[in-house]
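See below for the structure under consideration.
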Amino acid sequence: MTVRTRFAPSPTGYMHVGNLRTALYAYLLARKHNGVFILRIEDTDQEREVAGAVDIIYHTLRQVGLLWDEGPDVGGPCGPYIQSERKPIYREYADKLVESGHAYYCFCDKERLDMMRKRQEAEGKQPKYDGHCRTLSREEREELIAGGRSWVIRQRIPDEGMTTFKDEVFGEITVENATLDDNVLLKSDGLPTYNFANVVDDHLMGISHVIRGIEYLSSSPKYNLLYTAFGWEIPKYVHCPPVMRDAQKKLSKRDGDASYQDFIDKGYLNEALINYLALLGWNPGNDREKFTLPELIEAFSIEGISRSPAIFDPVKLAWLNGEYLRALTPEEFTAKAIPFIRKTVKREDVPLPAIAAVLHQRTEKLSDIPPQLDFIDTLPAYSKELFLHKKSKTTFENSLASLRAAREALAAIPPENWDHATLHATLMGLVEKLGVKNAIVLWPVRVALSGKEFTPGGGIEIAHILGKDEALHRLDAGIEKLS
RNA sequence: GACCCCAUCGUCUAGCGGUUAGGACGCCGGCCUUUCACGUCGGUAGCACCGGUUCAAAUCCGGUUGGGGUCGCCA
């Protein structure tokens with residue numbers, strides 16, 4: 001049997017990282033078994049339809065490398081892959097169910113349904129369709145339809161008995177049919193509900209493993225009843241526990257930390273995000289933490305999916321992202337860093353690769369970059385106490401002496417030789433000449449050059465970045481401050 | 001509330017009857033060092049609780065507690 005999995009999002013506007021994880025698992029399982037990964041758009045709720053949302057889905061999946069074999073844009077043997085374009089299909093299958101007695105027409109309007117629910121709640125009973133239209137005869141039904149009454153088709157759940165289904169991660173689950181509701185299968189607008197469409201489409205598209213969020217777990221018995229009513233083979237179910245914000249709340253868009261695009265905008269790498277998501281609720285059975293997509297395919301298995309909700313930890317994601325960033329070549333990192341460097345550094349005459357070099361080991365996510373560079377365009381106001389560094393034993397006196405000596409030595413460097421190697425040789429030469437610890441010279445130089453307690457890079461790197469003129473000016477300002 | 005599910009360091013997790021309960025992030029400390037960071041070495045911290053089964057329980061069973069999911073003409 002060939003493995004066929006699908007990712008079936010509804011186009012609601014943005015890609016939730018929890019959904020992305022579900023897509024990832026579906027993709028990994030398909031690829032692992034040389035199967036087929038399908039993209040299906042579930043747009044049966046016209047109210048919630050958001051313009052451009054489908055493009056976001058395409059774009060996101062492509063960015064992270066989850067390429068699909070069948071889907072709306074690439075076609076395939078089981079199309080169309082957009083549910084709104086499959087409308088006649090659902091009607092046809094709903095009719096079959098009505099024919100076989102597994103479903104029935106219902107003419108109850110919203111008012112009656114609302115009243116019914118209110119009454120049930122008042123009585124402390126579980127809200128559930130009361131079966132009002134279950135017993136309508138064919139004649140009564142035709143008459144109501146002819147009279148222009150709007151209708152839906154509901155699933156007829158057996159009044160008694162139990163339904164058992166098997167989930168690949170949670171095992172066998174049994175529920176009493178009496179706790180199940182006669183859900184709407186076909187809505188009055190002729191489109192199916194999720195409850196119906198997923199069964200029809202998963203069967204028609206030959207889906208072997210239904211991978212989805214745990215919110216569908218408790219509905220699965222109803223889906224099984226449907227598969228059985230049609231005489232269809234039941235697929236394997238793989239329900240994934242939710243991605244949480246904390247122990248109580250699911251990760252949500254509202255909290256500003258659920259959208260894939262937001263992470264990318266903050267400077268997280270696709271590779272790191274996918275790697276992190278894969279390990280959130282799944283483990284390879286060993287201690288390994290870093291995986292490329294192909295490596296994930298190799299390592300993936302359903303057995304590794306955990307049963308409990310997982311809290312999304314932005315701190316660990318940042319660490320992983322830092323690992324990916326640090327593994328980049330200097331050229332790759334520079335290319336990614338430049339847009340973020342440019343958010344604070346407007347000066348044109350600065351060596352961008354040198355700035356990037358100094359940031360490379362100090363960046364966990366690219367959005368860490370801008371605040372680190374706020375001293376480059378203009379020297380911040382700073383207190384002279386900054387020159388005092390306890391561990392390095394710097395004082396106002398030796399700082400002033402160092403600054404003067406450094407100023408003189410640096411002034412002697414020809415502008416065309418103002419590079420890291422020369423600066424390093426010059427300043428280290430000065431240290432040697434003076435017979436002091438490195439920090440006696442380099443701490444005050446760094447302070448005068450940056451006006452900051454912490455900087456990416458030290459005195460040598462910053463002098464290089466600033467350029468000769470600016471560096472000398474700042475040293476002069478430091479000398480003046482200490483004089 | 002009813003039904004279903006889940007439960008190992010703060011977090012992600014390994015563990016499938018006998019382990020000094022392992023790893024990772026975080027945190028703390030040492031080293032490295034030109035500040036910070038990187039790197040490196042070390043440390044901190046956990047089987048929710050109560051019963052039972054067993055020679056032996058984090059592992060099996062029951063209950064309690066806590067948490068999650070569902071109860072829409074949303075998916």
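A, B, ... follow the sequence lines: proteins, then strands. Residue 1 opens every chain. Bear in mind that the values here come from a model prediction, so they are computed numbers and not experimental data.
- If you measure from atom CD of A/Glu289 to atom C1' of B/C12, you get 8 Å, rounded to the nearest angstrom.
- Between the side chains of A/Asn183 and A/Tyr129, not a single donor N or O lies within less than 3.5 Å of an accepting N or O.
- Using a distance-only test at 3.5 Å, with no hydrogens or angles considered, no donor-acceptor pair links the side chain of A/Thr422 to the main chain of A/Trp418.
- Nucleotide B/C16 forms a pair with no other nucleotide shown, judged by Watson-Crick or G-U wobble geometry with both contacts under 3.5 Å.
- Considering only side-chain atoms of A/Met244, the nucleotide from B/G39, B/G68, B/G26 that sits closest is B/G68.
- With B/U11, B/A37, B/G69 as the choices, the nucleotide that has an atom nearest any side-chain atom of A/Glu215 turns out to be B/G69.
- At a cut-off of 3.5 angstrom, the base of B/U70 holds no donor-acceptor pair with the side chain of A/Lys222.
- Here the side chain of A/Lys336 pairs no donor or acceptor atom with the backbone of A/Gly267 at under 3.5 angstrom.
- Taking a pair to require two hydrogen-bonding distances under 3.5 Å in either a Watson-Crick or a G-U wobble arrangement, B/U11 pairs with B/A24.
- Judged by the 6.0 Å and 45° rule, A/Lys290 forms no cation-pi pair with A/Tyr324.
- When the nucleotides B/G39, B/A75, B/U35 are ranked by their closest atom to the side chain of A/Ser10, B/A75 comes out on top.
- When the nucleotides B/A37, B/C25, B/G68 are ranked by their closest atom to the side chain of A/Asp313, B/C25 comes out on top.
- Applying the Watson-Crick and G-U wobble criteria (two distances, each under 3.5 Å), B/U64 pairs with B/A48.
- Within the shown strands, nothing qualifies as a pairing partner of B/A58 under the Watson-Crick or G-U definition with both distances less than 3.5 Å.
- Using the Watson-Crick or G-U wobble rule with both distances under 3.5 Å, B/G1 pairs with B/C71.
- Scanning atom types as modelled, one donor and one acceptor separated by under 3.5 angstrom connect the side chain of A/Lys316 and the base of B/A24.
- Base pairing of B/U35 is not made with any nucleotide, judged by Watson-Crick or G-U wobble geometry with both donor-acceptor distances under 3.5 Å.
- For A/Thr455 against B/C36, no side-chain N or O and base N or O form a donor-acceptor pair under 3.5 Å.
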